[in-house]
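To keep things clear, I will list the structure first and then write my remarks on it.
Atoms within a ligand are numbered from 1 in the order they appear, just like the ligands themselves. The first residue in the sequence is number 1, and the count goes up from there.
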Amino acid sequence: MTDTSKTLAQLEQNNAFVRRHIGPGETEISSMLQTINAESLDDLTQQTVPAGILLDKPIETGEGASEVDALSALKAVAAKNKINRSFIGMGYYDTHVPNVILRNVLENPGWYTAYTPYQPEIAQGRLEAILNFQQVTIDLTGLELASASLLDEGTAAAEAMALAKRVSKNKKANLFFIADDVHPQTRDVVETRAEMFGFGIVSGPTEQASDHDVFGALLQYPSTTGEVKDISDTIAAVQANKGIVAVAADLMSLVMLKSPGELGADVALGSAQRFGVPMGYGGPHAAFFATRDSYKRSLPGRIIGISKDTRGRPALRMALQTREQHIRREKANSNICTAQVLLANMASFYAVYHGPEGLKTIASRIHRLADILASGLKQKGLGLKHATWFDTLTVLTDNKADVLQRAYAKGINLRADIDGAVGIALDETSTRNDVQALFDVLLGEGHNLQVANLDDDVTTQGSQSIPASLRRTSDILQHEVFNQYHSETEMLRYIKSLENKDLALNHSMISLGSCTMKLNATAEMIPVTWPEFGQLHPFAPLDQAAGYHEMISELAQWLISITGYDAMSMQPNSGAQGEYAGLLAIQRYHESRGEGHRNVCLIPSSAHGTNPASAQMVSLKVVVVNCDKNGNVDLKDLRAKAEEVGDNLSCAMITYPSTHGVYEETVREMCEIVHQYGGQVYMDGANMNAQVGITAPGFIGSDVSHLNLHKTFCIPHGGGGPGMGPIGVKSHLAPFLPNHSVVDIDGAGKDCGAVSAAPWGSASILPISYMYIKMMGAEGLRKATQVAILNANYVAKQLEGHFDVLYKGRNGRVAHECIIDLRPLKEVSGVSEIDIAKRLNDYGFHAPTMSFPVAGTLMIEPTESEAKYELDRFIEAMISIRKEIAKVESGEWAADNNPLHFAPHTLADICDSNWDRSYDRNLAAYPVAAVARNKFWPSVNRIDDVYGDRNLMCSCAPIEAYREE
Ligand SMILES: *Cc1c(COP(=O)(O)O)cnc(C)c1O
């Protein structure tokens, strides 16, 4: 049937991306508006959002483009990147992403749309993959305990310094040593962090680490210029003076080298990028972090541990979860929340696929090529800076400019920042032809060197480039998981078997308040794996990244328009890192005006835990501001505390709409009060999904915000990362945005250090947000916000009478999320929020955010991407659960024998021949008809948290455990 009444423009409009991104169609929107008693989306906006903060003009992000047009436009931009062969090294290496991992993990929504595994019964797959990552870390570093990933090598080193300060027995020391052969960007990130903590930094050759009275030291192994030297004496000497030694190490070299643990290190850290994760112009990649078991309470980031479920079967979970970093607020070890789970999983799968022998082959081949290269260069009289190496040579040359010129002419990038030398780092993708080309570059034409002949020489002479005392003798990766899946068929099935255990957005709605789990459209994801974005080294000359910079600056411009700020920094690679960068800018601003004494940060009691945790990182004192009974920041208390603090007020951190899910009427006044006392306003941007196109932080009166591009702007959650947390600032803060010591960032602060290892953070996922904004256009973005508000109000309305919605704003409306209060139900029935969360799993849903920001509640954020059908299914589930609670309340079901108590139900339960429950199996597994159409089976029963924390086990089960099975 053709629609002849519409113009071409109307027909095209009807097929726009907006229609795909926004769940409900026009008919559904009308019916939902009717249910909640609003005339139109605009009417709902007027009813919900305070008039004083409604934008007076539309945002400037252009018209929406179709998927086809946006992809081809971005492809043309990407084509402006030049992919050179990169031998720069410095922690970033080209790698072959095994195709089975590329397609089935990185490009697979089953993996990339999952949430952080707070609900472990429906997350055993990724928990196992992360546990494998911890085991890889433990084996290669030779330490006892590893974390589930950190953001990058630089921030991991900064976390190591913070850990050293916490655990060192040299309590009076305030100095930290950084060896002068640590990667420059790592040093940069650590120095920035040290300055804010008030630590002094000393630097010098590795051997001098113990000449100073330090609480800790950071060494690099192999060194940034490639030297492989025995650091065990230095480590012992620092430890003799009660200092803690952290060693930044390279994962691939550790396959062949004696481990940092065997050399005596207290901490080992680094990047797992070269285990099958593209360089991506800087990220995202997982950092690994390992330490001694005795420091487990001080470990930054999450740890996955083994516990057991109610059937006594081993089951995985986030260990020490109640102590999870940011939940301890200003007492946190670190502010890390979103980490790099997807990339840690990729690296762990890389190790699983290659196994110990495969990894040894890869590492040996890289090393052999380096030996051959070195041998040829020496034969022709070139000098090398070091006598030892794994894969990196620093070649002395007096005509560096010519060498670099010849390299660029051949499409080759060398490391260029070393005086009188060039650096060459080989990697898994290096070939004989590459080495041959490197001879040409370094020696000029006509040198007669042949790789094959040189290989014979190296083979007969034996390589001395790794000192005998530093060759690895200990085994790696002996667990069965690393020795079982080496054919592609087996690997494919292993990945799939894990994926099947996890509930992600490709199964059902994940209505996580504050976390905005919206559609991650395929068209947004496709450019991420284009080689034009994937294969660039973060320190490649800028002219080779012209496409990147065009994309980044256009995206920044859009975000400036959306937020009402004047400048953006794309460096922070998570929301919490954005908070840190923003607070840093505020402190530098105060210092520049001679007000460096301002050291108090006001934070409402409802704030996300990362807020106080970040404040602590810039040495701010946190003063908590109360909320009133309606969930609003208590203005009187804010004013009183600001006045009390007076001249010492640095800033206030507020979230808008508040984490209580309402647009506070007084937000402008809050900003004015803070400004009146000379403070700055930091507005947490996690709730931007309720602002885009309708209001804006800069317009409201805030000075700085981070944006969680992995919430509002469609970067998928990855099972706990990656993310991007760029910050927007008003012009007066722009001179204090983070810069970078290796690549000077246009428009950033002159003397400002880095907050991330890479200049533009996790640049390769920025195309996702770029595509989103490009395809939605200004009108589409505004409509998305309006429908997000509609969906939340629809859910709140339909749950009315069954559950209490805790906080409401003007006209009884909620913002883009709502909190339902389960405490009254618990009181009368004994059924807890946890029981309800687990019972939702039986209905095929991930639980909403539990007990944040208020204990005993669920915070529901449906987002605009969920269609009415899915909302209705969720509402049906919640109401059905409410009826189940009523049966417990009335005594029809005993408190310890009902489907809520035993939730979630597994197939093992249903198939158990000893079924002795007061309800039947059908009710357990198929409580409403809709479930049967798409049943999700939790793979384990409820997990025992207490047991897991008492018996902390954070590595793969001992080989014996497999034998028993
Ligand atoms: C998610 C969130 C953060 C932290 O962001 P990460 O990217 O996880 O570091 C901060 N504040 C609020 C309100 C959030 O929801």
Side-chain angles (χ1 to χ4, degrees), residues 115-118 148-152 155 159 283-284 300-302 318 324-327 329 332 334-342 510-518 570-583 601 603-617 631 633 653-662 682-691 697 702 704-727 755-756 761-762 765 769 815-817 819 848-854 859-861 863:
Y115 182 59
T116 308
Y118 284 106
S149 82
L150 292 175
L151 294 167
D152 57 36
T155 55
E159 297 291 353
R302 307 180 174 118
M318 293 203 282
E324 215 207 334
Q325 313 308 327
H326 58 272
I327 293 167
R329 298 174 63 96
S334 118
N335 67 344
I336 188 151
C337 179
T338 290
Q340 302 279 18
V341 169
L342 185 69
I510 303 181
S511 57
L512 272 158
S514 209
C515 279
T516 315
M517 299 287 289
K518 55 163 70 173
M570 292 293 191
Q571 197 173 100
N573 45 14
S574 76
Q577 289 303 97
E579 293 172 17
Y580 165 65
L583 294 174
C601 178
I603 301 184
S605 56
S606 61
H608 194 268
T610 53
N611 290 184
S614 300
Q616 168 274 134
M617 287 168 63
V633 171
M653 296 185 86
I654 56 178
T655 304
Y656 200 74
S658 75
T659 45
H660 288 156
V662 288
Y682 187 103
M683 190 182 281
D684 185 317
N687 287 348
M688 272 307 287
N689 213 45
Q691 290 196 37
S702 161
V704 43
S705 298
H706 72 264
L707 299 174
N708 297 69
L709 297 189
H710 48 299
K711 296 179 182 172
T712 314
F713 297 95
C714 297
I715 292 175
H717 230 75
M724 267 297 274
I727 57 172
V755 298
S756 300
S762 297
I765 51 176
S769 301
H816 64 312
E817 57 195 6
I819 298 179
T849 300
M850 201 173 68
S851 289
F852 170 79
V854 184
M859 177 158 56
I860 304 166
E861 180 183 355
T863 85

Considering only N or O atoms, set out every pair between ligand 1 and the protein closer than 3.5 Å, with distances to one decimal place.
| from | atom 1 | to | atom 2 | distance (Å) |
| --- | --- | --- | --- | --- |
| ligand 1 | 5 (O) | Asn708 | ND2 | 3.0 |
| ligand 1 | 7 (O) | Thr338 | OG1 | 3.3 |
| ligand 1 | 7 (O) | Gly575 | N | 2.7 |
| ligand 1 | 7 (O) | Asn708 | ND2 | 3.2 |
| ligand 1 | 7 (O) | His710 | NE2 | 2.7 |
| ligand 1 | 8 (O) | Thr338 | N | 3.1 |
| ligand 1 | 8 (O) | Thr338 | OG1 | 2.6 |
| ligand 1 | 9 (O) | Gly575 | N | 3.4 |
| ligand 1 | 9 (O) | Ala576 | N | 2.7 |
| ligand 1 | 11 (N) | Asp684 | OD1 | 3.4 |
| ligand 1 | 11 (N) | Asp684 | OD2 | 2.6 |
| ligand 1 | 15 (O) | Ser514 | O | 3.1 |
| ligand 1 | 15 (O) | Ser514 | OG | 2.6 |
| ligand 1 | 15 (O) | Lys711 | NZ | 2.8 |

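- Ser769 is linked by a side chain to side chain contact (heavy atoms under 4.5 Å, CB included) to Leu555, Leu709, Phe713, Ile715, counting only residues two or more places apart in sequence or in another chain.
- In terms of heavy-atom proximity, Gln691 sits nearest to Tyr656 at NE2-O, 2.9 Å.
- When all heavy atoms are compared, the tightest approach of His660 to Val854 is NE2-CG2, 4.0 Å.
- The minimum heavy-atom distance between Cys714 and Lys518, with the atom names listed, is SG-CD, 3.6 Å.
- Counting all heavy atoms, side chain and backbone alike, Ile603 lies closest to Asn611 at CD1-C, 3.8 Å.
- Using a distance-only test at 3.5 Å, with no hydrogens or angles considered, a donor-acceptor pair links the side chain of Glu817 to the main chain of Ser514.
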